[in-house]
Undergrad: 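Here's a structure for you.
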There are 2 protein chains.
Amino acid sequence: MKPIDPNPVSNTANPPGTTTVTEQGKAEKNTQDPYVRRILEAARELFIASGLEAVSMHAIAKRAGIGQGSLYRRFSDKGEICSMLLRDSTERFLTGLEHELVFPEAGSGALGHLRSSIGRIVDFIEQHAELLQLIKSEFTGKKQLTQFEHPFFRRLNEFLKELLVRAAASGEIPAIDPQFTATALIAVLSPDLYLFQQKQYGSTKEQITAGILALFVDGLQPL
Amino acid sequence: MKPIDPNPVSNTANPPGTTTVTEQGKAEKNTQDPYVRRILEAARELFIASGLEAVSMHAIAKRAGIGQGSLYRRFSDKGEICSMLLRDSTERFLTGLEHELVFPEAGSGALGHLRSSIGRIVDFIEQHAELLQLIKSEFTGKKQLTQFEHPFFRRLNEFLKELLVRAAASGEIPAIDPQFTATALIAVLSPDLYLFQQKQYGSTKEQITAGILALFVDGLQPL
DNA sequence: TGGATCAACGGACAATTGTCCGCTTAGCAA
DNA sequence: TTGCTAAGCGGACAATTGTCCGTTGATCCA
């Protein structure tokens with residue numbers, strides 16, 4: 001597909017032991033690359049000015065003062081640009097959730113933890129529904145992937161699975177398939193469903209949260 | 001957007017009382033229109049020959065021996081063509097489900113009915129996952145809609161809601177929000193999740209069905 | 001300092017989607 | 001039959017996406 005994008009910082013050989021650059025590492029690096037900054041800055045300005053849909057890749061390249069090819073070398077579609085623009089938010093959000101996995105609040109158990117996390121996730125989805133939706137549609141369109149394969153949802157999936165495993169281990173819920181249940185939870189937490197319920201039935205955030213909790217927390221408690 | 005497509009069968013004034021043509025009616029009519037038949041036939045042939053993705057609207061028009069404009073007048077995108085190609089299957093399937101709503105099997109109650117229906121829906125999704133997926137992505141791309149707004153999922157939603165209402169009325173499950181629960185069920189039954197579980201974890205149809213039942217049938221039973 | 005090398009730049013280009021509009025032709029009245 | 005009207009056909013066109021390749025400029029060595 002696209003040629004491998006080598007580390008643009010320096011042409012000298014990599015110091016031993018650092019040859020493999022993780023996806024994460026690459027993305028972090030990108031954010032500091034002034035070239036990438038220009039692109040992201042241009043995109044943000046245009047998005048704010050005209051809305052997400054109205055902005056073309058060509059327009060972003062032009063605004064950033066670079067060619068089409070150069071833009072596509074960094075970002076293979078608009079969804080990837082959105083991903084990067086959301087990166088700070090998602091990173092902070094996921095890190096926060098994962099941090100609590102290491103130092104859980106005492107007292108409420110894994111199921112209580114799940115309950116409060118779902119609330120926070122719904123908050124986050126609500127805040128970023130539109131961008132997340134665009135990320136998803138670009139992502140699934142080009143690369144034949146489902147939303148579940150997006151890095152953000154992957155990490156969320158792992159997080160939820162861990163909570164479910166803990167709840168099962170401590171006997172708070174019966175032994176269900178934690179992998180499947182976590183994915184199902186992601187499906188229900190997706191911006192898609194949120195936006196639909198809101199638009200179609202005028203559901204509030206509280207109603208949606210309650211519905212999810214009834215299914216995935218209360219519903220799982222031992223009979 | 002596109003000019004209203006009047007009933008192509010006759011130019012004479014409509015008989016009184018039949019002026020409003022339902023979406024349903026329009027679609028039924030289309031299927032019989034030889035012009036539309038040609039398009040669907042061409043599309044089917046090309047799809048079989050080259051796969052869904054590889055076929056362009058232009059190619060379909062060319063194969064059908066008509067112009068681009070004429071093609072777009074009938075079908076605003078590839079997803080709509082797929083919808084129509086699947087129409088017979090979905091119609092038969094939904095009619096079957098809805099029929100049982102009127103004449104339910106005695107003995108198992110609404111919850112048992114829900115259980116068996118979910119099994120049948122998963123079967124159907126499995127059979128048509130690829131086409132349904134394409135329908136969804138085209139649909140959501142152009143018209144800013146979520147998968148839940150597609151006629152097929154709408155009807156499925158209504159069906160599931162009715163079963164949930166009955167189960168709640170007969171005391172088999174607690175009084176949950178049937179509308180939300182039905183939509184959540186759709187989200188979990190979507191081809192997206194099915195394909196992901198299958199591809200990523202090699203899940204079988206039985207495992208997926210079991211996971212759904214655990215959440216939406218067993219999980220809802222009174223505590 | 002000068003030349004060789006090569007990564008990466010960016011614009012031109014092909015492919016696709018969806019719209020628009022001039023022309024054809026079917027249907028009707030005289 | 002002839003002329004009128006309008007439905008709708010279909011190709012040309014604009015817009016967008018994503019790729020390819022000729023060119024540029026930085027780095028390194030002599």
Side-chain angles (χ1 to χ4, degrees), chain A residues 1-14 21 26 29-30 33-36 38-39 42-43 46-47 50-82 134 137-144, chain B residues 1-14 21 26 29-30 33-36 38-39 42-43 46-47 50-82 134 137-144:
Chain A
M1 289 285 144
K2 69 178 174 187
I4 295 146
D5 190 2
N7 185 331
V9 167
S10 154
N11 264 349
T12 62
N14 284 325
V21 177
K26 174 189 157 201
K29 186 97 27 75
N30 276 349
D33 181 353
Y35 204 96
V36 168
R38 269 243 301 289
I39 296 173
L46 291 174
F47 285 162
S50 324
L52 295 178
E53 291 296 333
V55 178
S56 73
M57 289 293 269
H58 184 82
I60 295 172
K62 205 169 159 191
R63 172 73 161 235
I66 64 173
Q68 291 251 85
S70 307
L71 175 56
Y72 275 97
R73 203 166 298 115
R74 312 302 175 115
F75 299 99
S76 62
D77 56 48
K78 238 195 299 182
E80 223 165 85
I81 296 179
C82 292
L134 186 67
S137 76
E138 297 282 337
F139 201 71
T140 61
K142 310 301 166 188
K143 302 174 192 163
Q144 305 270 32
Chain B
M1 290 286 149
K2 69 178 174 185
I4 295 147
D5 188 3
N7 186 331
V9 166
S10 155
N11 264 350
T12 61
N14 284 324
V21 177
K26 173 189 158 200
K29 185 99 25 80
N30 276 348
D33 181 352
Y35 204 96
V36 168
R38 270 243 301 288
I39 296 173
L46 291 173
F47 285 161
S50 326
L52 296 177
E53 291 296 334
V55 178
S56 73
M57 290 293 269
H58 184 81
I60 295 172
K62 204 169 159 191
R63 172 72 161 235
I66 63 172
Q68 290 252 86
S70 306
L71 176 56
Y72 275 97
R73 203 166 300 114
R74 310 306 172 111
F75 299 100
S76 62
D77 56 48
K78 238 197 299 185
E80 223 165 85
I81 295 180
C82 293
L134 187 67
S137 76
E138 297 281 338
F139 201 72
T140 60
K142 309 302 164 188
K143 302 174 193 161
Q144 306 270 32

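Residue numbers begin at 1 in each chain, while the letters A, B, ... track the order of the sequences.
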Undergrad: Taking all non-hydrogen atoms of both residues into account, name the closest pair between A:A59 and A:L46 and its distance.
TA: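 Of all heavy-atom pairs spanning A:A59 and A:L46, the closest is O-CD1, 3.7 Å.
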
Undergrad: Do you know the tightest heavy-atom contact between A:K78 and A:L52?
TA: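 Between these two residues, the closest heavy atoms are NZ-O, 3.2 Å.
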
Undergrad: Using whole Å, what does the distance between atom C1' of nucleotide C:dG18 and atom CD of B:E80 come to?
TA: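 Roughly 13 Å, once rounded to whole Å.
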
Undergrad: Please tabulate, one pair per line, each protein N/O and nucleotide N/O from nucleotides 9-14 of chain C that are separated by under 3.5 Å, including the distance.
TA:
unit_1, atom_1, unit_2, atom_2, d
C:dC9, OP1, A:R74, NH2, 2.7
C:dC9, OP2, A:R73, NH1, 2.6
C:dG10, OP2, A:Y35, OH, 2.4
C:dG10, OP2, A:S70, OG, 3.2
C:dG10, N7, A:S70, N, 3.3
C:dG10, N7, A:S70, OG, 3.4
C:dG10, O6, A:R73, NH2, 2.9
C:dG11, O6, A:G69, N, 3.1

Undergrad: For A:K62 and D:dA15, what is the distance between atoms NZ and P respectively, to the nearest whole Å?
TA: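 The answer, rounded to whole Å, is 12 Å.
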
Undergrad: Once you round it to whole Å, what is the distance between P of C:dA8 and CG of A:L71?
TA: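 Rounding to the nearest Å, CG of A:L71 and P of C:dA8 are 16 Å apart.
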
Undergrad: Would you name the heavy atoms of A:G67 and A:A61 that are closest together and state the gap between them?
TA: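 A:G67 and A:A61 have their closest heavy atoms at O-CB, 3.9 Å.
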
Undergrad: Kindly compute the distance separating CD1 (B:I66) from CZ (B:R73), expressed to the nearest 0.5 Å.
TA: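 The CZ atom of B:R73 is 9.0 Å from CD1 of B:I66, to the nearest 0.5 Å.
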
Undergrad: Would you sketch DNA chain D in dot-bracket for me? Only Watson-Crick or G-U wobble pairs with both distances under 3.5 Å count, crossing pairs as [ ], other-strand pairs as |, the rest as dots.
TA: ||||||||||||||||||||||||||||||

Undergrad: Measure from NZ on B:K78 to P on C:dG18 and round the result to the nearest Å.
TA: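 Whole-Å distance recorded here is 10 Å.
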
Undergrad: Output the rounded distance in Å from CD (B:E53) to P (C:dA15).
TA: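 So the CD-P distance, B:E53 to C:dA15, works out to 18 Å.
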
Undergrad: Rounding to a whole Å, what distance do you find between A:Y72:OH and C:dA8:C1'?
TA: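 Taking OH of A:Y72 and C1' of C:dA8, I get 18 Å after rounding.
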
Undergrad: Check the distance between C:dG18's P and B:I60's CD1 and give it to me in whole angstrom.
TA: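 Rounding to the nearest Å, CD1 of B:I60 and P of C:dG18 are 11 Å apart.
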
Undergrad: Which heavy atom in A:A42 sits nearest to a heavy atom in A:R63, and how many Å separate them?
TA: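 For A:A42 versus A:R63, the nearest heavy atoms are CB-CG, 3.4 Å.
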
Undergrad: Taking atom P of D:dT17 as reference, at what distance in whole Å does atom CZ of A:F75 sit?
TA: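 The distance from CZ of A:F75 to P of D:dT17 comes to 15 Å, rounded to the nearest Å.
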
Undergrad: If I compare all heavy atoms of A:I81 with all of A:I60, which pair ends up nearest, and what's the gap?
TA: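 Closest pair (atom of A:I81, atom of A:I60, distance): CD1-CD1, 4.0 Å.
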
Undergrad: Could you pull out the closest heavy-atom pair between B:M57 and B:Q68, with the gap in Å?
TA: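 Looking at all heavy atoms of both residues, the shortest contact is C-OE1, 4.0 Å.
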
